[in-house]
2 protein chains.
Amino acid sequence: MTAYNKISRHLIAVDCIIFGYDIIEKEIKLLLIQRRFEPAKGKWSLSGGFVEESESLENAAKRILFDLTGLKNVFLSQSYTYGDVQRDPGARVVSTAYFSLIKIKDINNKVKKISHAQWCPLSKLPELIFDHNKMVKDALKELRNQVKVKPVGFELLPEKFTLVQFQELYEAIYQKPIDRRNFRKKILSMNILEKLEEKEKITSRRGAYYYHFIPDRYKTLRENGYFFELDFSK
Amino acid sequence: MTAYNKISRHLIAVDCIIFGYDIIEKEIKLLLIQRRFEPAKGKWSLSGGFVEESESLENAAKRILFDLTGLKNVFLSQSYTYGDVQRDPGARVVSTAYFSLIKIKDINNKVKKISHAQWCPLSKLPELIFDHNKMVKDALKELRNQVKVKPVGFELLPEKFTLVQFQELYEAIYQKPIDRRNFRKKILSMNILEKLEEKEKITSRRGAYYYHFIPDRYKTLRENGYFFELDFSK
DNA sequence: CCAAAAGTGTTCGAATTACACCCATGA
DNA sequence: TCATGGGTGTAATTCGAACACTTTTGG
C-alpha cells in the first residue's frame with residue numbers, strides 16, 4: 001500500500017474551447033452549449049465534463065469532444081488549468097482547459113440537431129458560466145501564439161481554399177487587416193501550399209485559384225515550427 | 001445539493017520546478033529533493049505536494065515553495081498539467097507543474113541545512129521520478145519563451161550585477177554564446193537598467209560597472225511584454 | 001609593462017513594411 | 001462595357017548578425 005491515504009480528493013473537469021472558422025462570415029466561432037444541469041442550468045458554457053478514474057486528461061478531452069461532435073483526431077492542445085477554490089460555486093472543481101480547432105462544416109448538420117449547442121461568433125460571446133470567459137480569452141491568446149509558429153490554418157479551412165480565404169482566416173484570428181501582397185509573398189514562400197487548376201467562382205466573376213496544403217511539407221512544419229526563434233543566437 | 005455526486009475524485013498534486021542561477025559557476029540550477037516516502041523513496045524529484053481541499057492550485061504551489069525555501073512572493077508560473085493515468089505508479093495522480101525563479105543566495109544557507117535538498121546544475125540532472133524529467137524539459141522551454149518576452153533576469157540575479165553577468169545568465173538559459181556588443185546594445189536600449197557608480201572588482205583588474213533594474217520600468221515591461229509581436233500587423 | 005577582462009561602432013544582408021495598378025470575367 | 005474582386009512588384013526601412021580594436025588597472 002502507498003502513503004497516499006487520507007489525502008483530499010478532488011473533482012477534475014476538462015473544458016473544451018472549440019474554435020471553428022466560418023469561411024462565409026469570416027469569423028472565428030466558438031461551439032457553446034447550454035447547461036442542462038445545476039448549478040447554472042440554462043446558461044451558456046463551454047463543453048466540459050468530469051475526468052474519470054481511468055482516463056487521462058487528454059482522453060477525457062477527446063471523449064467530451066467526440067460526444068459532442070462525433071469527431072476524432074481533431075487538433076487538441078492543453079491551454080491552462082484553473083484551480084481556484086471558488087471557481088465553480090457548486091463544488092470545488094479543478095478544470096483543465098483544452099482548445100481544439102475544427103472545420104465547422106464537418107459537424108454543421110450534427111450541431112444543428114443538438115438543440116442545446118450553438119456556434120457563436122467570438123465577437124458576440126455571451127456571458128458564460130464560472131470562469132469560462134477567461135478560459136476563452138486565454139485560449140484565444142494561445143491560439144494566436146500557436147498560429148505564429150505552426151501552420152494551424154489547415155485545421156480550420158476546408159480541403160481546398162483560396163488565398164483570399166486563407167488571409168481572411170488570419171485576419172479573423174488577429175482581428176487586424178493584413179496587406180494582401182505581403183501575406184501572399186510570405187505564405188507562398190513557405191512552400192506549404194499547392195495551387196490547383198480549379199477556381200472558386202462564387203465570390204467573384206474572375207474567380208480565384210484554389211490551393212491546398214501539401215501534406216508532407218505541412219507535417220514537417222507542424223512538428224518543427226516554421227518561424228525561427230528570435231533570440232541572441234550565434 | 002448539486003449534481004456532483006458519484007463522480008470520480010482524484011488526487012491532485014503540484015510540482016515545482018525551482019530554477020536558480022549560480023552567478024559564480026554561470027549555470028542554471030534546479031532545486032531537487034530526495035523523496036522520503038514510497039513510491040520511489042530515495043530517488044530525486046521535484047518538490048511537490050498534494051493540493052488540499054480548500055486551497056487553490058497556485059496557493060498549493062506557494063505553500064510547497066514556502067515550506068522548502070521559506071520564501072514568499074517569488075516568481076511563479078504555471079506550466080503544464082500532467083494527467084496520464086499511469087504517470088505515478090503509486091496511484092492515479094494528476095499533477096500541475098509550476099516553475100519558479102529564485103536567487104540561490106536567498107536560500108543558500110537554508111538549503112544547506114536540509115539534507116534531502118540540493119541544487120543541481122541543469123547539465124547534470126539525474127534521473128528523476130515519474131515524469132519529472134519531462135516536467136523540467138517543458139518548464140525550461142517555457143522559461144526560454146518567457147525570457148524572450150519578459151525581463152525575467154531580475155528574479156535570478158542579485159540586487160546589483162554587471163552587464164557581463166547579465167549576459168552570462170542569458171547564455172546559461174539558452175546554452176549559447178551571445179555577442180557582447182549586440183547584447184549590450186539591445187539590453188541598454190530597453191531602458192530597464194541603471195548604471196551605478198560602483199564597480200565589481202573581483203573578476204577583473206579594471207572592474208565592471210554594476211547595474212540594477214529600474215523598478216518602475218521593469219514592472220511596466222513585465223506586465224506588457226517587451227518584444228513586440230511578430231505578426232502581420234498593419 | 002603586460003595580462004586579462006571591460007567596453008565600444010559600424011557595416012552588411014535579410015526581412016518587413018508600405019504602397020498602386022492591371023487583369024479577368026459575367027452580367 | 002463596366003463593376004467587382006483577384007492578382008502582382010518594387011523601393012524604403014528596420015532589424016539582427018558579424019566583426020576587432022582600445023581601455024583600464026593590479027601585479
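Side chains included, hydrogens not; waters and symmetry mates left out as well; all remaining heavy atoms used. All chains are named by letter (A, B, ...) in the order of the sequence lines, taking the proteins before the strands, and each is independently numbered beginning at 1.
Distance, L163(B) CG to dG7(C) P: 6 Å, rounded to whole Å. Between the C1' atom of dG7(D) and the CG atom of L188(A) lies a distance of 11 Å, rounded to the nearest Å. Rounded to an integer number of Å, the gap from I178(A) CD1 to dT17(C) C1' is 13 Å. In this structure, the CD1 atom of I187(A) is 16 Å from the C1' atom of dG7(D), given to the nearest Å. When the C1' atom of dT8(D) is taken as reference, atom CZ of F183(A) falls 16 Å away, rounded to whole Å. Atoms OH (Y209(B)) and C1' (dA5(C)) sit 15 Å apart, rounded to a whole Å. Rounding to whole angstrom units, CD of residue Q165(B) and C1' of dA5(C) are separated by 13 Å. Between the CG atom of D179(B) and the C1' atom of dA6(C) there is a distance of 14 Å, given to the nearest Å.
For K185(B) against dT10(C), a side-chain N or O and a base N or O form a donor-acceptor pair under 3.5 Å.
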Point to revise | Nucleotide-resolved protein contact map, nucleotides 20-27 of chain D, B/S/- at heavy-atom distance under 4.0 Å | key: B--BBBBS

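Using a 4.0 Å heavy-atom criterion, one finds that T203(B) contacts the sugar-phosphate atoms exclusively.
The backbone N or O of I178(B) lies less than 3.5 Å from a partner atom in the side chain of E171(B), making a donor-acceptor pair. When atom types are taken as modelled, the side chain of H132(B) and the backbone of S45(B) share no donor-acceptor pair closer than 3.5 angstrom. Panel note: side chain R184(B), backbone Q167(B); no donor-acceptor pair is recorded below 3.5 Å. Checked by atom type and distance alone, the side chain of Y80(B) never pairs as donor or acceptor with a backbone atom of A97(B) at under 3.5 Å. Although no hydrogens or angles enter the test, the distance criterion places a donor-acceptor pair under 3.5 Å between the side chain of R144(A) and the main chain of I173(A). Not one N or O on the side chain of K103(A) forms a donor-acceptor pair closer than 3.5 Å with the backbone of L156(A).
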**Study point:** Pairing pattern in dot-bracket form [Watson-Crick, G-U; both distances under 3.5 Å; | = partner strand] for DNA chain D
**Key:** |||||||||||||||||||||||||||

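Of the candidate nucleotides dG7(C), dA18(D), dG6(D), dA18(D) has the atom lying nearest to any side-chain atom of N182(B).
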Solution key, residues 118-127 of chain B side-chain donor-acceptor pairs under 3.5 Å, sequence neighbours excluded:
unit_1	atom_1	unit_2	atom_2	d
S123(B)	OG	E27(B)	OE2	3.3

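With hydrogens and angles left out, the side-chain atoms of E142(B) and S77(B) include no donor and acceptor closer than 3.5 Å. Inspection of the D138(B) and S79(B) side chains reveals no N or O donor paired with an N or O acceptor under 3.5 Å.
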